[in-house]
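Structure first, commentary second.
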Amino acid sequence: VQLQASGGGLVQAGGSLRLSCAASGRTGSSYAMGWFRQAPGKVREFVAAISWNGGTTYYADSVKGRFTISRDNAKNTVYLQMNSLKPEDTAVYYCSAGVSASSLSLGGVNYWGKGTQVTVSS
């Protein structure tokens with residue numbers, strides 16, 4: 001499975017961005033999908049995950065109520081809508097795929113995509 005993330009950029013605090021991740025390759029739509037992020041000098045951390053059919057989602061406490069993960073299996077694409085962005089959301093965001101949303105939330109990643117930079121200015 002190949003994952004290609006896009007949609008990052010520079011936004012002011014309080015603004016919004018939507019990240020997209022297109023999956024290609026073997027049975028991409030049958031995997032749970034998720035997002036992680038890594039800020040400079042920090043370890044990569046879980047952000048959000050969604051089951052293969054979109055019925056189950058998980059979020060990190062730091063983004064609950066602000067971020068929404070969704071997917072369109074017809075397009076083999078997962079999205080991360082990010083609202084009310086804060087400077088501490090600044091990081092490289094990575095798309096991921098795994099066997100389940102719960103395993104992704106615990107760091108169980110089978111496939112990584114290249115990251116996309118999100119910068120939130122204060």
Side-chain angles (χ1 to χ4, degrees):
V1 176
Q2 292 79 46
L3 305 172
Q4 181 64 53
S6 62
L10 173 64
V11 64
Q12 289 188 331
S16 298
L17 279 176
R18 189 177 80 156
L19 305 183
S20 299
C21 177
S24 60
R26 187 165 62 97
T27 61
S29 62
S30 65
Y31 284 90
M33 303 285 289
W35 292 92
F36 288 72
R37 67 186 182 186
Q38 188 167 18
K42 295 189 176 181
V43 299
R44 192 172 298 187
E45 65 176 1
F46 168 76
V47 175
I50 188 167
S51 60
W52 72 272
N53 64 355
T56 302
T57 56
Y58 291 85
Y59 294 95
D61 287 344
S62 59
V63 307
K64 278 181 183 176
R66 300 187 300 121
F67 291 10
T68 302
I69 190 170
S70 62
R71 67 188 297 162
D72 183 342
N73 283 347
K75 297 181 179 180
N76 285 337
T77 301
V78 64
Y79 304 97
L80 185 68
Q81 178 66 44
M82 305 185 294
N83 298 329
S84 302
L85 282 161
K86 304 175 181 180
E88 50 263 44
D89 294 317
T90 295
V92 177
Y93 284 70
Y94 295 90
C95 181
S96 62
V99 296
S100 70
S102 60
S103 64
L104 281 171
S105 72
L106 298 174
V109 175
N110 292 73
Y111 301 96
W112 289 105
K114 292 184 179 180
T116 184
Q117 176 71 46
V118 172
T119 303
V120 185
S121 63
S122 56

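The figures that follow rest on heavy atoms only: side chains count, while hydrogens, waters and symmetry mates do not.
A donor-acceptor pair under 3.5 Å is formed between the side chain of Y59 and the backbone N or O of I69. With T77 contributing its side chain and D72 its backbone, the two residues share no donor-acceptor pair below 3.5 Å. Within the 3.5 Å criterion, the main-chain N or O of N53 finds no donor-acceptor partner in the side chain of N73.
Taking the side chain as every heavy atom from C-beta outward, V1 and N110 never approach each other to under 4.5 Å. T56 has its side chain out of reach of I50: every pair of non-hydrogen atoms, C-beta onward, lies at least 4.5 Å apart. T90 is listed as a side-chain neighbour of Q117, based on a closest heavy-atom distance under 4.5 Å. In this structure the side chain of M82 never reaches within 4.5 angstrom of the side chain of D89, judged on heavy atoms. In this structure, the side chains of W35 and V78 come closer than 4.5 Å at one or more pairs of heavy atoms.
Considering only residues two or more places apart in sequence or on other chains, R18 meets the salt bridge (charged side-chain N to carboxylate O under 4.0 Å, His left out) condition with none of them. Here F67 pairs with nothing under the ring-ring contact (aromatic ring centres under 6.0 Å, His included) rule; sequence neighbours left out. Annotation: ring-ring contact (aromatic ring centres under 6.0 Å, His included) contacts of F36 (sequence neighbours excluded): F46, W112. With sequence neighbours excluded, the residues that form a salt bridge (charged side-chain N to carboxylate O under 4.0 Å, His left out) with E45 are R37. Qualifying salt bridge (charged side-chain N to carboxylate O under 4.0 Å, His left out) partners for K64, counting only residues two or more places apart in sequence or in other chains: D61.
Hydrophobic clustering of Ile, Leu, Val, Met, Phe, Trp and Tyr side chains at less than 4.5 Å, counting indirect connections, unites Y93 with M33. When hydrophobic clusters are built by joining Ile, Leu, Val, Met, Phe, Trp and Tyr residues whose side-chain heavy atoms come closer than 4.5 Å, directly or via intermediates, L104 is not grouped with L3.
Heavy atoms only, all atoms of each residue included: Y94 and G113 are closest at CD2-O, 3.5 Å. Closest of all the heavy-atom pairs between V109 and S96 is CG1-CB, 3.7 Å. Shown here for L19 and G8, the closest heavy-atom pair between the two residues is CD2-N, 3.6 Å. When all heavy atoms of S16 and S84 are compared, the pair lying nearest together is OG-N, 4.4 Å. The two residues T116 and A5 have their closest heavy-atom pair at CG2-CB, 4.2 Å. Closest approach of A49 and A101 over heavy atoms only: CB-O, 3.7 Å.
Rounded to the nearest 0.5 Å, atoms SG (C21) and CZ (R71) are 9.5 Å apart. Atom OG of S70 and atom OH of Y79 lie 7.0 Å apart (nearest 0.5 Å).
The stretch residues 35-84 participates, sequence neighbours left out, in no disulfide (SG to SG under 2.5 Å) pair at all.
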